[in-house]
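From a predicted model like this one, the values you see are computed outputs, not experimental measurements. Labels below follow one simple rule: chain letters A, B, ... track the order of the sequence lines, proteins then strands, and each chain is numbered from 1.
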Amino acid sequence: MVATAVTGIATPLKFPLFSGFQRSSRSLQLRMSQKAGHGVITGKLELRPPPYPLDALEPHMSRSTFEYHWGKHHRAYVDNLNKQIAGTELTGKTLEDVIVATYNSGNLLPPFNNAAQVWNHDFFWESMKPGGGGKPSGELLDLINRDFGSFEEFAKEFKTAAATQFGSGWAWLVYKDEDKKLAVVQSPNAVNPLVWDYVPLLTVDVWEHAYYLDYQNRRPDYLSIFMENLVSWDAVTSRLESVKAGSA
Amino acid sequence: MALRTLLTRKILANSPLGTLGFRGLQTFSLPDLPYDYGALEPAISGDIMQLHHQKHHQTYITNYNKALEQLDDAVAKGDAPAVVKLQSAIKFNGGGHVNHSIFWKNLAPVREGGGEPPKSSLGWAIDNHFGSLEVLIQKMNAEGAALQGSGWIWLGLDKELKRLVVETTANQDPLVTKGPNLVPLLGIDVWEHAYYLQYKNVRPDYLKNIWKVMNWKYASDVFDKECP
């Protein structure tokens, strides 16, 4: 357990030093991905179900939404990705590596959208839980207080990023290894923070299909409900643990 | 003096094209639909038309007006960074207003000619350029379905080259962002809000059905004006 001493002028959280952080971050991603179970793609990628029944997040996120969002949209990303990478060298890589390779420094290759959206949706289902919401505690809360001022400031910044992502996209809580800090970022369409070498900790989907059946145009209401009732701080905490464990 | 100012502002407030604010800044208001919300059924549901018009389009207008006021302020103060920073809000929301204003005119109830194929000059131009109307529709449907995220699929006219084009734009970018000489004839909104309540994830079905209420008369009028 990494010692935290958050005093007046915060003592920097003691993460073991990286040598050549770029490379370590990438292998960090791989280790995280293997822990999360995204091993090397052999043959076909499977559609993973959310870690709860499709009606478990009612009334905040309806079963009907899950039937379409997971059952149709997420399934289509998986099916279409399988078709796109069949017979190519991408089948030998981890999903995370496929994402970074097809991001191609911003000059997106065709499989990028499907690959990233497969990953994003797995990450999103795992970012929520029945009886979720509320506040984190312990070290995660200390870090949030340190890097955002307060939990309320973080929640406001996260919801604003999500509300102002124009068109389709995502908002994220990430860990930035380059400044050893938590941050909120937003991304368009299928883009995710893996391509910027950040460690994703939490996400909310703001494509309209994520909230339209339940909230129609009322994205801010969806975001408030997400924060109050859906966020899985357990998942965020365990992802943060992986960051610390992954560094060598 | 105060009474006269009050009267002036009230008179100006009701102009259909826009409202002149106190400092002369033109702001915008929601244009009426030329048909009832339910008039495009079953191709597009009344629920969608109402939400799309009263909520989505109205929000673009509200935010566009806000951005214009902030821009006016920043310009008056000579605040260059603020002016530049406002450009994305203007593009998003102004684009949303421009695009949706065209979209409502692109659609018509069947009993008012919605779905009737284009004739005369636009009809010939389509046959010349694409081979047939069916080919054009297939092309627009394919590109509309393949668009990732949010955006529009357009039939446009390059007014310099006098040529028809099919283009997509992302988010609320107007067609002119794809070429300064491009004039929109028809646009199809493929943001999920345009079809989700009715068609869910099956965007291709929405695209197939929207042609049943396509107002080719409007497209022909625009075309004839640019290519007399």
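- Atom-to-atom distance recorded for A:F166:CZ and B:S150:OG is 8.5 Å, nearest 0.5 angstrom.
- Interatomic distance, CG of B:L147 versus CG of A:N189, reported as 8.5 Å (0.5 Å rounding).
- Of all residues in residues 51-64 of chain B, those placing a non-hydrogen atom less than 4.5 angstrom from a non-hydrogen atom of chain A are B:L51, B:K55, B:H56, B:Y60.
- Separating the CD atom in A:Q216 from the CG atom in B:L197 is a distance of 6.0 Å, to the nearest 0.5 Å.
- Ring-centre distance between A:H73 and B:Y196: below the 6.0 Å cut-off.
- Atom OG of A:S168 and atom CD of B:E192 lie 5.5 Å apart (nearest 0.5 Å).
- Inspection of non-hydrogen atoms places no residue of residues 103-111 of chain A under 4.5 Å from chain B.
- In this structure, B:K208 places its NZ atom where only 12 or fewer heavy-atom neighbours from other residues, nucleotides or ligands lie under 6.0 Å away.
- With a 6.0 Å radius and a threshold of 12 heavy atoms from other residues, nucleotides or ligands, A:Y77 has its OH atom above the threshold.
- The number of heavy-atom neighbours closer than 6.0 Å to CZ of B:R163, taken from other residues, nucleotides and ligands shown, is 12 or below.
- Here the NZ-NE2 distance, from B:K200 to A:H69, works out to 14.5 Å after rounding to the nearest 0.5 Å.
- You'll find the side chain of A:Y212 reaches within 4.5 Å of the side chain of B:H193, heavy atoms only.
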